[in-house]
Structures are given as structure tokens and as C-alpha cells.
Peer 1: 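This is the structure I want to talk about, given as C-alpha cells.
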Amino acid sequence: MNVGLSKIDGTYFTLTTLTTVGYGDITPVTERCRVIVSGQLILGIVFMVIILSLLIVRIADTTIRRRV
């Protein structure tokens, strides 16, 4: 990449890479859209963590009850 990026572009690029969403044909063009999409990526990660945490707690509780 020979072009300098703004902070928003850099953050968008980083979040897109970390969340493995990829770089498809439909991409946000303006900085405002990138901020919105970045927020969606972060919320997606948060929701996945919450769902996985609840699932793990439920499995752990079930396993502990079977041992008792």
C-alpha cells in the first residue's frame, strides 16, 4: 500500500482484517460508512462473545450437575 490512510480508513481496514469479513465487491466508500460498518463489526464480535459465553456456562453447569 503506497497510499497513506486516514485514521478511520486504517481502523476500518484493521477491523475488516481481524473479523475475517474480507474485502468483497460491496464496500463502504465514504468515511461515514466505514465508521458505521466498523461499529457493526465490533457489535458482531461482542454478540458472538456473549452467545459463546452463555453457551459455555450452560455446558459447564450441565457437566458439573452430572458429576454431583
Peer 1: If you group Ile, Leu, Val, Met, Phe, Trp and Tyr whenever their side-chain heavy atoms sit less than 4.5 Å apart, what else falls in with Val35?
Peer 2: Ile8
Peer 1: Who pairs with Glu31 by side-chain hydrogen bond (donor to acceptor under 3.5 Å, both in side chains), at least two apart in sequence or on another chain?
Peer 2: Ser6
Peer 1: Quick one: side chains of residues 41-62, donor-acceptor pairs under 3.5 Å with protein atoms, not counting sequence neighbours, listed by atom name and distance.
Peer 2:
{"unit_1": "Ser53", "atom_1": "OG", "unit_2": "Val49", "atom_2": "O", "d": "2.7"}
{"unit_1": "Thr62", "atom_1": "OG1", "unit_2": "Arg58", "atom_2": "O", "d": "2.9"}

Peer 1: Could you note down all residue pairs passing side-chain hydrogen bond (donor to acceptor under 3.5 Å, both in side chains) where residues 32-49 supplies at least one of them, sequence neighbours left out?
Peer 2: Asp9-Arg34
